[in-house]
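What follows is one structure encoded as C-alpha cells, with my remarks underneath.
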Amino acid sequence: MKIQDFVKTLNCRFFCGVPDSQLKSLCDYLMNEYGIDPKHHIIAANEGNCTAIAAGYNLATGEVPAVYMQNSGQGNIINPVASLMNGKVYAIPCIFIVGWRGEPGVHDEPQHIYQGEVTLKLLEDMEIEYFVVDKNTEVCDIEKKMSEWQSLLACGKQVAFVIKKGALQYDEKVVYSNSYTTVREEIIKHIVAVSKDDPIVSTTGKASRELFEIREANGQGHERDFLTVGSMGHSSSIALGVALNKPNTKVWCIDGDGAALMHLGAMAVIGANKTKNLIHIVINNGAHETVGGMPTVSQALKLTEIATACGYPYAVKVDSYEELDKELAKAKNSDVLTFIEATCSIGSRADLGRPTTTALDNKNSFVEFLKGI
C-alpha cells in the first residue's frame, strides 16, 4: 500500500512520533510533506513524550492525533495511556501506528525478539484495539477499520495499526545530512585507542555495531564492551551503575544524541552522583540515523551546557579529531566526571555488520571481565 493512501485514510492532521526503520516510508513522507511543523508533525524525544503531546493536541483542537513508533517504544507509552488517556481518567482518543519489529516467525535482532512476541498482548492489556497491516492489506481494509473505529475514538478510546515489514511503500527518497566532517566510526576508533583496557558501555544502534567491528579489526576480544543493543536511552545509566561499583576503574559510555535525549533525566542523576571515574561521550550527528536519519532536536540544544547544569564538573564540545584526541587524553588522566560532545556527519559504511556473538554471551564475558578489575 502506498503511504499516501494510508495517511489520507487516517484523516489526521497532526502526527507525532519517534522514527522507526519499519516505518521509514511514513517518516520520509511526513518529512517531505511537512518537515518539522508544530501544527502537523513533531519528532519527540521518546514515545511517552509523543503520547502526551498528542493528548495536548486533542485537548486544544478536539481532533484525533496520530502517534508513530517502533514497538520497542510501547513500554514508554504505558504510563500516559493508562493514567492519562484511558477512559477511566481523561478519555483522550489517539491513533497509534506501531512498527512491528521482532514479529514471530520473522528473523530479527535479539533485542526485538521478546518485544515482538508481546506487541499485540501489550495493546490488548492497554485495551487498545488494533489492526495488523501487511503487504496484502488494501486501502479499502483501512477505510473499513477506520469506519468501525469512529465510535471508539468518539468515546475517547485509542486504536492502533500494527505495521509489518514492507507493508507500506513510498517511492520518493529523502537524504539526511549535516555539515560536520568527522565520522562516527572513526571517533569510536579514537575512543578505543585511548580507553585501552577500560570497560566501555555503548548505546543502541550503529555505534555498538561499529565498536564490535573495530574490536574485530584490531584482533581484540569483546569482553571490555557492553553493547546496549536495545533499551534505547539507558546506556549512560548502565555505565553509571558500573562506574559506581568499580570506583578504581575508568568507565566509558559511548552515547548518541537521540539516545541521550530520550531519557535526558539520566544526566541529572549522573551529575548529582559526581562519579569521578565515568566518561560520558555523546556522538552528536543530530539524527536518528540507525532508523533512517530523521532529525533529533539536538542541533537546537547546547548539550554541554545541559551537562554542566546537571552537575557534570567538566563538559566540552569537539568538532575535530585533534580536539577529540586532546579531550580523550585529558579524560583518561583526570579524576573528574567528564562529558564530551563529539559532533559528526550522518552516515556509515554500507557493509557495516552486526555482532556475531549473542547478547547473553556479551553480558557473560563483560561480567567476567569486570570481576577481574
Side-chain angles (χ1 to χ4, degrees), residues 72 75 101-102 108-118 184-185 187-256 259-260 262-263 265-267 269-283 290 328 331-332 335 337-340 352-373:
S72 61
R101 294 297 302 268
D108 211 324
E109 299 306 307
Q111 66 270 28
H112 298 301
I113 294 173
Y114 181 69
Q115 183 71 55
E117 292 174 357
V118 301
R184 183 183 54 249
E185 187 167 7
I187 290 172
I188 297 173
K189 287 180 182 178
H190 286 240
I191 296 170
V192 167
V194 174
S195 62
K196 297 187 183 299
D197 290 326
D198 297 336
I200 296 176
V201 177
S202 59
T203 190
T204 309
K206 291 184 179 180
S208 282
R209 292 163 61 184
E210 289 166 342
L211 175 58
F212 186 91
E213 293 210 343
I214 288 167
R215 295 295 193 192
E216 290 280 292
N218 290 347
Q220 298 173 309
H222 303 283
E223 67 279 356
R224 302 172 187 83
D225 310 323
F226 184 82
L227 310 177
T228 315
V229 294
S231 192
M232 182 175 171
H234 293 300
S235 59
S236 63
S237 296
I238 296 169
L240 174 63
V242 174
L244 288 171
N245 290 282
K246 292 291 180 179
N248 298 318
T249 300
K250 285 285 184 183
V251 178
W252 302 69
C253 176
I254 299 175
D255 214 348
M262 183 164 277
H263 296 293
M267 288 178 62
V269 177
I270 293 170
N273 278 276
K274 298 289 191 297
T275 315
K276 296 181 178 181
N277 58 322
L278 179 59
I279 302 165
H280 187 186
I281 304 167
V282 174
I283 302 177
T290 299
L328 291 176
K332 173 72 172 177
D335 190 30
L337 169 64
T338 297
F339 180 89
I340 301 173
L352 178 63
R354 296 181 181 274
T356 55
T357 57
T358 68
L360 189 57
D361 286 341
N362 173 223
K363 185 207 78 169
N364 290 339
S365 62
F366 186 71
V367 168
E368 287 303 312
F369 173 74
L370 292 181
K371 287 180 180 178
I373 59 177

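Every heavy atom of this structure was used, including side-chain atoms; hydrogens, water molecules and symmetry mates were not.
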Heavy-atom closest pair (T290 atom, G205 atom, distance to 0.1 Å) is OG1-CA, 3.6 Å
Is there a side-chain contact between P110 and T358, using heavy atoms and a 4.5 Å cut-off?
-> no
Where do V194 and W252 land on the side-chain contact (heavy atoms from CB on, under 4.5 Å) test, with the steps shown first?
-> CA-CA 10 Å; V194 174; W252 302 69; 4.0 Å; yes
Side chain of E213, backbone of L352: donor and acceptor closer than 3.5 Å?
-> no
Flag, side chain of N277 to backbone of V251, donor-acceptor distance under 3.5 Å = no
If we ignore angles and hydrogens, is there a donor and acceptor under 3.5 Å between the side chains of S195 and D198?
-> no
With sequence neighbours left out, the residues meeting salt bridge (Lys or Arg N to Asp or Glu O under 4.0 Å) with K371 are E368
Is there a donor-acceptor pair closer than 3.5 Å between any side-chain N or O of N362 and the backbone N or O of L227?
-> yes
Describe, in one word, how the ring planes of F212 and H222 are oriented to each other, choosing from parallel (under 30°), tilted (30 to 60°) and perpendicular (over 60°).
-> parallel
Under 3.5 Å: donor-acceptor pair, side chain of K246, backbone of L370 = yes
What's the spacing between E210 CD and I283 CD1 if we round to 0.5 Å?
-> 8.0 Å
CD1 (I191) and CD1 (I340) are apart, to the nearest 0.5 Å, by 7.5 Å
Measure the spacing between CZ of R184 and CD1 of I187 and express it to the nearest 0.5 Å.
-> 8.5 Å
Decide yes or no for K363 and L360: does some side-chain heavy atom of the first lie under 4.5 Å from some side-chain heavy atom of the second?
-> yes
Minimum side-chain heavy-atom gap R224-I200 below 4.5 Å = no
Are there more than 12 heavy atoms of other residues, nucleotides or ligands under 6.0 Å from atom NZ of K274?
-> yes
Show every donor-acceptor pair shorter than 3.5 Å between a side-chain atom in residues 228-241 and any protein atom, with sequence neighbours excluded, or say none if there are none.
residue, atom, partner, partner atom, Å
T228, OG1, S202, O, 2.8
S235, OG, D255, OD1, 3.4

List in chain and number order the residues that pass ring-ring contact (aromatic ring centres under 6.0 Å, His included) with F369, two or more places apart in sequence or in another chain; answer none if no residue qualifies.
-> none
Flag side-chain contact, heavy atom, 4.5 Å: L328 against I281 = yes
Side-chain (T275) to main-chain (L244) donor-acceptor, under 3.5 angstrom | no
Between CD on residue E109 and CZ on residue R101, distance to nearest 0.5 Å = 7.0 Å
Looking at T203 and G256, what are the two nearest heavy atoms and their distance?
-> CG2-N, 3.7 Å
Gap between atom CZ of R209 and atom CD1 of I188 - 0.5 Å precision = 11.5 Å
